[in-house]
Amino acid sequence: MTHAADDRKFSVLIAGGGSTYTPGIVLTLLNGLDKFPLRKLKFYDNDGERQKKIADAARILVKERAPEIEFEATTNPAEAFTDVDFVMAQIRVGKYAMRSLDEKIPLKHGVVGQETTGPGGIAYGLRSIPGVIELVDYMEKYSPNAWMLNYSNPAAIVAEATRRLRPNSKIINICDMPIGIMDRMAQIVGLKDRNDLVFRYYGLNHFGWWTDVRDKTGKDLMPQLKKHVAKHGYLVDDDYEEGIEPSWEETFKMAADVYALDPTTLPNTYLKYYMYPTQVVKHSDPNYTRTDEVEDHRQKLVFGECARIVENGTAKDTGFKPDDHSTYIVDLCTAIAYDTKQRMLAIIPNEGAISNIDPTAMVEVPCLFGANGAERLAMGKAATYQTGMITEQNSVEKLAVDALLEHSYTKLWQAFSLCKIVPDAGIAKDILDDMIVANKDYWPELN
Ligand SMILES: NC(=O)c1ccc[n+]([C@@H]2O[C@H](COP(=O)([O-])OP(=O)(O)OC[C@H]3O[C@@H](n4cnc5c(N)ncnc54)[C@H](O)[C@@H]3O)[C@@H](O)[C@H]2O)c1
Ligand SMILES: O=P(O)(O)OC[C@H]1O[C@H](O[C@H]2[C@H](O)[C@@H](O)[C@@H](O)O[C@@H]2CO)[C@H](O)[C@@H](O)[C@@H]1O
Ligand SMILES: [Mn+2]
């Protein structure tokens, strides 16, 4: 697709330039210049040293593949956010050191320790919100017409905070989990990729269900998908042929157990933490959690490949390649830039999209993406089981934001104890008290 009679070229800022996901996004942008032309690519991070390692390699990539694009990496907000059309945000406030504690502290108390789920996710939420709000404010100050696509987690809690604190901002919160699952669905039914599927999906972020999946001729793919998921979860042939990290293998496999609980829908993988917390804890090592795996594998691979590119002075033979995470965010920007009305998921205020759910809940539903951002599509009524689950989890997410805004210990304790994966209020309190100590450099003092 080219855009005749439209010679616009865009300026993109990656906020969280030091993220392990940055090289994949750069590759995707450079591969897709015919669909989404660039004039500028900038990186912004508050850790200049970490960002430089990725930026030095990216500069070589850009110079070799598209020397006409201006490239800049900075820790200066004014330089970063001035003259920008799209901000791709992917910051991790507290970095992996704090993610590790989000996982290990709950596990110490026999509770699921996870980046975006349960007490770990809530703790991360209270760190992430001020960081993301700061990015939104920089964007509004220096490039008021820009759009921000925000991946920074925990997306559900961050989205609730942006809805309340910056209701008119041009930020759209997004997640790649359903995208990755839909690429798997396409593979299961023998289609090229997720863009060959027409789907209905509803829920909260990391907490949703597909109710319908079809091909472009309208053929119902649910029976074939259900048969596969009941047996293999979302594991596909590529996992067996190319290998997959053990923790992701277990997650994709456990979708079979989650599916069993409601065979009328297909589930998001993250539901395993809510439905089978005991099994998840049993399979966890409190001394070696997902953060340790990421630091030992993805982080080493990404930074190692960047160092290799810099040492060789060329990226011609780089192993970096586009993936579902990077193609999704670039597809979203392209849809907004060219007003394509492509149907994709976003986390947005419900306002009736799920008719029997709190209109102020931040829900994840298909939207039409165009020049006005994301326009939600009506998904109808949630079933009784989903209504119960969503209502409880929505209250947890709202209480977490209340707690931060009101500096309220009680609201945070309520959030921890209401969460389905925490067995009782006493354990919730023990975890919370440890979390307060661990997050002393990030959280406000709670009263
Ligand atoms: N929504 C999704 O589906 C999805 C998918 C993948 C990753 N993510 C999120 O993307 C983010 C990046 O993940 P990662 O594993 O690559 O993390 P990472 O730690 O490798 O990178 C995050 C970067 O953010 C920077 N940073 C932290 N606080 C900042 C601030 N206040 N301002 C500017 N920069 C800041 C860090 O210095 C670091 O370089 C995380 O929040 C992760 O949860 C979300
Ligand atoms: O444990 P991590 O850091 O590897 O991943 C946590 C993220 O997991 C999801 O993203 C997946 C995505 O679903 C998959 O398709 C592929 O792109 O890998 C991603 C992770 O590497 C989830 O959506 C994110 O919110 C999590 O941050
Ligand atoms: Mn996600």
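As the structure lists them, so they are numbered: ligands from 1, and atoms in each ligand from 1. Nothing fancy with the numbering, it's 1 onward along the sequence. Keep in mind the model is a prediction, meaning the values are calculated, not measured.
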Exercise for review: Pick, from Glu103, Glu245, Arg298, the option with the minimum heavy-atom distance to atom 2 (P) of ligand 2.
Suggested key: Arg298
Review point. What do we get for Arg50 next to ligand 1 when only non-hydrogen atoms under 4.0 Å count, side chain, backbone, both or neither?
Key: side chain
**Study point:** Between Gln51 and Thr75: side-chain donor-acceptor atoms closer than 3.5 Å
**Key:** no
Check your understanding: Numbering the atoms of ligand 1 from 1, which are under 4.0 Å from a heavy atom of Cys175?
Key -> 1 (N), 2 (C), 3 (O)
**Study point:** Aromatic ring proximity Tyr21/Tyr151, centre distance under 6.0 Å
**Key:** no
Check your understanding: Any N or O on Tyr151 sitting closer than 3.5 Å to an N or O of ligand 1?
Key -> yes
Review point. Short N/O distance, under 3.5 Å, between Asp45 and ligand 1?
Key: yes
Exercise for review: Using a 4.0 Å heavy-atom cut-off, say whether Arg298 meets ligand 1 through its side chain, its backbone, both or neither.
Suggested key: side chain
Exercise for review: Using a strict 4.0 Å cut-off to heavy atoms of Cys175, name the atoms of ligand 2 that fall inside it.
Suggested key: 23 (O)
Review point. Cut-off 3.5 Å, side chains only: do Thr22 and Gln90 have a donor facing an acceptor?
Key: yes
Practice item. Evaluate the side chain to side chain contact (heavy atoms under 4.5 Å, CB included) criterion for residues Asp102 and Glu115: first the C-alpha distance (whole Å), next the side-chain angles of each, then the deciding distance (0.1 Å), finally the verdict. Key: CA-CA 6 Å; Asp102 293 340; Glu115 178 197 28; over 6 Å; no
Review point. So, is Ile91 polar-close to ligand 1, with some N/O to N/O distance under 3.5 Å?
Key: yes
**Study point:** Tyr124 contact mode with ligand 2 (heavy-atom cut-off under 4.0 Å)
**Key:** neither
Check your understanding: Can Tyr151 be said to touch ligand 2, with heavy atoms closer than 4.0 Å?
Key -> no
Point to revise | ligand 2 versus Glu293: contacting region, heavy-atom distance under 4.0 Å | key: neither
Practice item. Side-chain contact test, heavy atoms from C-beta onward, threshold under 4.5 Å: evaluate it for Cys333 versus Leu149 and give yes or no. Key: yes
Practice item. Any atoms of ligand 2 less than 4.0 Å from a non-hydrogen atom of Arg290? List them with their elements. Key: 1 (O), 2 (P), 4 (O)
Review point. Has Ala15 got any heavy atom lying under 4.0 angstrom from an atom of ligand 1?
Key: no
Review point. Is atom NZ of Lys253 surrounded by more than 12 heavy atoms (other residues, nucleotides or ligands) closer than 6.0 Å?
Key: no
Review point. Is it the side chain (CB and beyond), the backbone, both or neither of Asp323 that lies under 4.0 Å from ligand 2, heavy atoms counted?
Key: neither
Review point. Which ligand 2 atoms are under 4.0 Å away from a heavy-atom of Gly180?
Key: 15 (O)
Practice item. Can you sort out which atoms of ligand 1 are near Ser152, meaning under 4.0 Å from one of its heavy atoms? Key: 41 (O)
Review point. Hey, does Tyr273 have a side-chain heavy atom less than 4.5 Å from the side chain of His206?
Key: no
Review point. Heavy atoms of the protein only: does one fall short of 4.0 Å from atom 18 (O) of ligand 2?
Key: no
Study note, to complete from the structure: Contact region, Gln299 to ligand 2, non-hydrogen atoms below 4.0 Å, reads neither
Practice item. Report yes if some heavy atom in the side chain of Thr162 is under 4.5 Å from a heavy atom in the side chain of Ile133; otherwise report no. Key: yes
Check your understanding: Going by distance only, is there an N or O of Ser19 that falls short of 3.5 Å from an N or O of ligand 1?
Key -> yes
Check your understanding: Which is closest to atom 28 (N) of ligand 1 by heavy-atom distance: Thr116, Val93, Asp47, Asn150?
Key -> Val93
Check your understanding: Hey, which atoms in ligand 1 end up nearer than 4.0 Å to a heavy atom of Glu115?
Key -> 42 (C), 43 (O)
Review point. Going by atom types alone, do Thr74 and Asn76 pair a side-chain donor with an acceptor below 3.5 Å?
Key: no
Practice item. Under 4.0 Å from a heavy atom of Arg99: give me the atoms of ligand 2 that qualify, with their elements. Key: 1 (O), 2 (P), 3 (O)
Check your understanding: Out of Met177, Lys95, Arg92, who gets a non-hydrogen atom closest to atom 22 (C) of ligand 1?
Key -> Arg92
Exercise for review: State the atoms of ligand 2, each with its element, that fall below the 4.0 Å cut-off from a heavy-atom position in Asn153.
Suggested key: 24 (C), 25 (O), 26 (C), 27 (O)
Point to revise | Worked check of side chain to side chain contact (heavy atoms under 4.5 Å, CB included) between Thr360 and Arg164 | key: CA-CA 10 Å; Thr360 72; Arg164 275 202 240 174; over 6 Å; no
Practice item. Would you mind checking which non-hydrogen protein atom is closest to atom 5 (C) of ligand 1, with the distance to 0.1 Å? Key: Asp176 OD2, 3.2 Å
Point to revise | Closest to atom 8 (N) of ligand 1 among Ile54, Asn46, Asn153, Ile329 (heavy-atom distance) | key: Asn153
**Study point:** atom 6 (C) of ligand 2 [closest protein heavy-atom partner, distance rounded to 0.1 Å]
**Key:** Glu115 OE1, 3.4 Å
Check your understanding: Would you say ligand 1 has an N or O under 3.5 Å from any N or O of Tyr44?
Key -> no
Review point. In terms of side-chain heavy atoms, does Asp331 have a donor or acceptor partner in Gln342 at a distance below 3.5 Å?
Key: no
Exercise for review: May I ask you to identify the nearest protein heavy atom to atom 7 (C) of ligand 2, giving residue, atom name and distance to one decimal place in Å?
Suggested key: Tyr270 OH, 3.7 Å
Review point. Among all protein non-hydrogen atoms, which one is nearest to atom 14 (C) of ligand 2, and what is the separation to 0.1 Å?
Key: Asp324 OD2, 4.1 Å
Check your understanding: Does some side-chain heavy atom of Ile179 sit less than 4.5 Å from a side-chain heavy atom of Ile174?
Key -> no
Check your understanding: Does the side chain of Tyr270 reach to within under 4.5 Å of the side chain of Pro178, using non-hydrogen atoms?
Key -> no
Point to revise | Residue portion contacting ligand 2 (non-hydrogen atoms closer than 4.0 Å) for Tyr21 | key: side chain
Check your understanding: Does even one non-hydrogen atom of Gln114 get within less than 4.0 Å of ligand 2?
Key -> no
Point to revise | Phe43 and ligand 1 - part of the residue with a heavy-atom distance under 4.0 Å | key: neither
Check your understanding: Any idea which atoms of ligand 1 are less than 4.0 Å away from a heavy-atom of Gln90?
Key -> 10 (O), 11 (C), 12 (C), 22 (C)
Point to revise | side chain to side chain donor-acceptor pair (under 3.5 Å) partner of Ser326, chosen from Asp176, Thr28, Asn31 | key: Thr28
Check your understanding: Taking it one step at a time, do Met139 and Val84 satisfy side chain to side chain contact (heavy atoms under 4.5 Å, CB included)?
Key -> CA-CA 8 Å; Met139 179 175 84; Val84 162; over 6 Å; no
Check your understanding: Does Lys63 NZ have over 12 foreign heavy atoms under 6.0 Å away?
Key -> no
Exercise for review: Select one of side chain, backbone, both or neither to describe which atoms of His325 lie under 4.0 Å from any atom of ligand 1, heavy atoms only.
Suggested key: side chain
Review point. For atom 5 (O) of ligand 2, what is the nearest protein heavy atom, given as residue, atom name and distance?
Key: Trp248 CZ2, 3.7 Å
Check your understanding: Where's the contact between Ile174 and ligand 1, heavy-atom distance under 4.0 Å: side chain, backbone, both or neither?
Key -> backbone
Study note, to complete from the structure: Out of Tyr21, Tyr328, Tyr124, the nearest non-hydrogen contact to atom 40 (C) of ligand 1 is supplied by Tyr124
**Study point:** Sub-3.5 Å N/O-N/O distance, His206 and ligand 2
**Key:** yes
**Study point:** Residue of the set Glu364, Gln393, Glu397 for which side chain to side chain donor-acceptor pair (under 3.5 Å) holds with Asn205
**Key:** Glu364
Practice item. Decide whether the shortest distance between a heavy atom of Asp176 and an atom of ligand 2 is less than 4.0 Å. Key: yes
Practice item. Number the atoms of ligand 1 from 1 as they appear, then name those within less than 4.0 Å of a heavy atom of Thr20, with their elements. Key: 14 (P), 15 (O), 16 (O), 20 (O)
